[in-house]
Peer 1: 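Starting off with a structure, shown below.
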Amino acid sequence: MNKITNHLPTAELQALDAAHHMHPFTANAELAAKGARVIKSASGVWLTDSDGNRYLDAMAGLWCVNLGYGRHELAEVAAAQMRELPYYNTFFQTTHVPAIALAERLAELAPGDLNHVFFAAGGSEANDTNIRLVRTYWAAQGKPEKQVIISRKNAYHGSSMGSASLGGMTYMHEQGAMPIPGIVHIDQPHWWAEGGDMSPEEFGIARARQLAEKIDEIGEDKVAAFIAEPIQGAGGVIVPPDSYWPEVKRILAERDILFIADEVICGFGRTGNWFGSQTLDLQPDIMTIAKGLSSGYQPIGGSIVSDRVAEGLSRTEFNHGYTYSGHPVASAVALENLRILDEEGIVERVGTDTAPYLAERWATLAEHPLVGEARICGMMGSLALTPDKAARAPFAKVGEAGMAVREACFANGLVMRAVGDRMIISPPLIISRDEIDLLIARATMALDDGQAELSRRGML
Ligand code: PMP
């Protein structure tokens, strides 16, 4: 790093950032007026900013730092790999040891016959791979008309043209003529917001049956795949009613379409098992992976593909790939990350100890006057903010309450994210019981402060 820049005071760093750096999902003029928060270093679950403030990072960066910050083993593996082979591609009939080793390890960890990995540099790229892969698979089976992919409203599958089209975020679709053709969306299993008078169980079944109805409407002979996150993450950590996935599974079992589980957030321990598909008892044909695969220490993602799909594609040249597919440094770091998650029993500890403890503590937040529901699965949780609990009412202007509580979180040394008026967490998996207590204490203070602020604004 440029040593002079690193030692500039915060205001100067912010000015340079505003002058030259375009931030994702940001109105840059608004941010420039305020100044971006400059994060300088991190360790465990703790972030330190350029003014020396410390925050408990209850978002693990962007849902990715599963192992926590500051694991030097990963830095050492990266440095060693850079010295030995910093880059080579996996095109043109070549391969290298880190990609081989990581693919083998993933095949071992993934459930069922998911034994083949197509690498990418992140989740968006991997989902773009999936769009082309499932369509090419069906064409190779002599069924080129099986092209349509069914996804869900308020799903998040990435930000590229293909993956954002798979996603169900209309505010993204509005920018850049999306969705691309051949992608349709059914409703999400979000009972609190959309369940009306139905019980959660009835609603879960009703939402699952939309999949059957959509397949029948389009024609099974035209549908390539259904894609879904086991638990919707960026849509607001929407934990579906218990009836939802079993009914979806039943519907899929009766129809010959592929199922893609987007495990970019749910994978690598987040739900208390290696994959969300294991927690929710799903049998995908393809899993999208990224984020926790390397705990965010290197950009890497991919698609883990079943024997059936890989075999069906094996005689077709799949004209697809990325310069950084199976990048050796990223692969070596991912492998080391998986080793530590496994050998230190971190995934297991989440499943048997820290996630149940967090769930117990998280549930207490539902008693707060501002909270309509508190949902959690493993180490991903959400709170619905509401002006009227009994009516499950949204705020008149969506997003203001979420923003107020998010600001209050920062003021209380906690990073929680707001999706509209849902507060969400996804902490590093190494979070301890004491740190969970601190997380809950700070979240409670932030909710109190947020409530006071919203009352001042006349919103309650
Ligand atoms: N799928 C899911 C479920 C995600 O949450 C994300 C990122 N938040 C992506 C795909 C896209 O991954 P990336 O940002 O690495 O492209």
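Counting convention: from 1, in listed order, for ligands and their atoms alike. None of the values given here were measured: they were computed from a predicted structure.
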Peer 1: Tell me if a side-chain donor or acceptor on His173 pairs with a main-chain N or O of Ala164 at a distance below 3.5 Å.
Peer 2: yes
Peer 1: Could you tell me if Tyr137 and Arg132 have a donor-acceptor pair between their side chains, going purely by distance under 3.5 Å?
Peer 2: no
Peer 1: Would you say the side-chain atoms of Thr129 and His320 include a donor-acceptor pair closer than 3.5 Å?
Peer 2: yes
Peer 1: With atoms numbered from 1 as shown, which atoms in ligand 1 lie under 4.0 angstrom from a non-hydrogen atom of Gly122?
Peer 2: 15 (O)
Peer 1: With a 4.0 Å heavy-atom cut-off (strictly under), which part of Ala234 contacts ligand 1: side chain, backbone, both or neither?
Peer 2: neither
Peer 1: Note the single closest protein heavy atom to atom 1 (N) of ligand 1, along with its residue, its atom name and the distance in Å.
Peer 2: Asp262 OD2, 2.8 Å
Peer 1: Any N or O of Glu125 that comes nearer than 3.5 Å to an N or O of ligand 1?
Peer 2: no
Peer 1: At a 4.0 Å cut-off, with the gap strictly under it, does some heavy atom of Lys291 reach an atom of ligand 1?
Peer 2: yes
Peer 1: Of all the non-hydrogen atoms in the protein, which one sits nearest to atom 2 (C) of ligand 1, and at what distance?
Peer 2: Tyr156 O, 3.3 Å
Peer 1: Once the angle between the rings of Phe118 and Phe318 is folded into 0 to 90°, is it parallel (under 30°), tilted (30 to 60°) or perpendicular (over 60°)?
Peer 2: perpendicular
Peer 1: Could you say whether the N/O atoms of Trp63 and ligand 1 ever approach to under 3.5 Å?
Peer 2: no
Peer 1: Between Glu125 and Tyr322, is there a donor-acceptor pair closer than 3.5 Å when you use the side chain of the first and the backbone of the second?
Peer 2: no
Peer 1: Nearest to atom 5 (O) of ligand 1, what protein heavy atom do you find, and at what distance?
Peer 2: Ile265 CD1, 3.2 Å
Peer 1: Quick one: look up the protein heavy atom nearest atom 14 (O) of ligand 1 and list residue, atom name and how far away it is.
Peer 2: Ser124 OG, 4.2 Å
Peer 1: So which protein heavy atom does atom 13 (P) of ligand 1 come closest to, and at what separation?
Peer 2: Gly123 N, 3.5 Å
Peer 1: Polar-atom distance check: Glu229 versus ligand 1, any N or O pair below 3.5 Å?
Peer 2: no
Peer 1: Examine ligand 1 and decide if any of its atoms is less than 4.0 Å from a heavy atom belonging to Leu62.
Peer 2: no
Peer 1: Just by modelled atom types, is the Tyr69 backbone N or O under 3.5 Å from a matching donor or acceptor in the Ser43 side chain?
Peer 2: no
Peer 1: Under 4.0 Å between a Lys/Arg side-chain N and an Asp/Glu carboxylate O for Arg37 and Asp49?
Peer 2: no
Peer 1: So does Tyr55 have more than 12 non-hydrogen atoms from other groups sitting under 6.0 Å from OH?
Peer 2: yes
